[in-house]
Number of protein chains: 2
Amino acid sequence: MKNKSYNFFTHLANPTKFKIIMALREKELSVTEIITELKEEQSKISHNLKSLTQCHIVEVKRVGKKRIYELNKDTILPMIELVKKHARKYCLGKCHKD
Amino acid sequence: MKNKSYNFFTHLANPTKFKIIMALREKELSVTEIITELKEEQSKISHNLKSLTQCHIVEVKRVGKKRIYELNKDTILPMIELVKKHARKYCLGKCHKD
DNA sequence: ATCTCATATGAAAAATAAATCATATAACTT
DNA sequence: AAGTTATATGATTTATTTTTCATATGAGAT
């Protein structure tokens with residue numbers, strides 16, 4: 001029985017996906033809003049949102065012609081906290097800070 | 001102030017590094033023991049151990065001509081638990097299982 | 001029914017990361 | 001001090017991921 005948990009971390013290990021996640025921490029956003037906030041290309045954001053959705057790191061809902069993306073906070077927020085704690089302990093503000 | 005936390009996840013997102021981490025969950029191991037257990041090449045393991053060490057995901061100590069690697073359980077174990085929980089909830093044994 | 005806005009998708013290109021190979025170092029043994 | 005074992009390192013090759021570009025789809029407005 002093979003361990004594939006590392007797949008999950010793939011998403012958090014990508015700067016674009018990570019930025020999207022961070023943007024969604026405060027409130028849910030439409031694709032256009034994410035694009036505007038991150039100043040990134042539309043298809044780039046869409047591709048990244050797709051895999052985040054497949055992994056259930058975010059959830060989508062349709063509202064008219066928009067798609068609203070929401071963060072799965074249960075999993076992601078504590079995970080980010082763990083890294084922050086790790087960084088405080090080991091990195092002295094140098095590596096994984098935010 | 002830029003967010004670089006995603007760097008941390010880079011390690012967990014890599015199958016070789018992830019396997020090393022898993023092997024170190026039970027007990028600390030020398031490089032040779034890791035090589036034997038994972039059936040991987042020596043330099044591959046060494047390269048991977050180097051970056052894991054730099055990120056403080058593992059710690060090294062010298063014992064004679066051996067180097068013993070130990071997992072930083074405080075950060076890693078709860079993180080793995082979060083993914084497992086996530087997988088149980090969303091993946092129904094299909095994606096991130098181990 | 002056509003137009004426009006919002007978003008998705010596929011394939012190719014570009015960028016990044018990881019593995020390999022050859023070699024180096026460091027400690028113990030003889 | 002020469003040999004051997006254990007591990008590290010650098011440079012190149014190879015593999016994997018990510019971005020880009022062009023185009024498609026789908027919903028609401030006209």
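Owing to the predicted nature of the structure, the values given are computational and were not obtained by experimental measurement. Each chain gets a letter, A, B and so on, in the order the sequences are listed, and its residues count up from 1.
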- Task: Classify the ring geometry between B:Tyr90 and B:His86 as parallel (under 30°), tilted (30 to 60°) or perpendicular (over 60°).
- Result: tilted
- Query: Rounded to whole angstrom units, what separation is found between the NZ atom of A:Lys50 and the P atom of D:dT17?
  - Reply: 16 Å
- Would you indicate which nucleotide in C:dA6, C:dT20, D:dT9 comes nearest to any side-chain atom of A:Lys66? C:dA6
- Query: Should B:Thr10 and B:Asn14 count as side-chain neighbours, where that means a heavy-atom distance under 4.5 Å?
  - Reply: no
- Does a side-chain N or O from B:Thr16 land closer than 4.0 Å to OP1 or OP2 of C:dA19, or not? yes
- Check: B:Lys44 and B:Thr16 side chains under 4.5 Å, non-hydrogen atoms: yes
- Task: Name the nucleic acid region contacted by A:Lys44, choosing base, sugar-phosphate or nothing; use a 4.0 angstrom heavy-atom cut-off, strictly under.
- Result: base
- Item | Separation of atom OH in B:Tyr69 from atom C1' in D:dA6, rounded to whole Å | 11 Å
- Item | Per-nucleotide protein contact string for nucleotides 24-30 of chain C (B base, S sugar-phosphate only, - none; heavy atom under 4.0 Å) | --SSS--
- Message: Distance check needed: D:dT17 C1' versus A:Phe18 CZ, whole Å only.
- Response: 18 Å
- What is the distance from CD1 of A:Ile35 to P of C:dC5, rounded to the nearest Å? 14 Å
- Item | Side-chain heavy-atom pair B:Ser51, B:His11 within 4.5 angstrom cut-off | yes
- Message: Is A:His47 stacked against the base of D:dT19, taking the criterion as centroid distance under 5.5 angstrom and interplanar angle under 30°?
- Response: no
- Query: With the threshold set at 4.0 Å, does a side-chain nitrogen-carboxylate oxygen contact exist between B:Lys61 and B:Glu28?
  - Reply: yes
- Query: Less than 4.0 Å between a side-chain N and a carboxylate O, is that true for A:Lys85 and B:Asp74?
  - Reply: no
- In whole angstrom, give the distance that lies between atom CG of B:Leu52 and atom P of C:dA17. 15 Å
- Against the side chain of B:Gln42, the closest entry in D:dC21, C:dA19, D:dA8 is D:dA8
- Rounded to whole Å, CD1 of B:Ile45 lies from P of C:dC21 at a distance of 15 Å
- OP1 or OP2 of D:dT18 less than 4.0 angstrom from a side-chain nitrogen or oxygen of B:Tyr6, does that happen here? no
- Task: Check the distance between D:dT19's C1' and A:Ile20's CD1 and give it to me in whole angstrom.
- Result: 13 Å
- When the nearest nucleotide of DNA chain D is assigned to A:Asn48 and to B:Ser43 on a heavy-atom basis, which residue is associated with the more 5' position? B:Ser43
- Query: Are any of B:Asn14's side-chain N or O atoms less than 4.0 Å away from OP1 or OP2 of C:dA18?
  - Reply: yes
- Query: Atom CG of A:Leu49 and atom C1' of C:dA6: how far apart are they, to the nearest Å?
  - Reply: 13 Å
- For the pair B:Glu37 and B:Lys19, find out whether any cationic side-chain nitrogen is under 4.0 Å from an anionic carboxylate oxygen. no
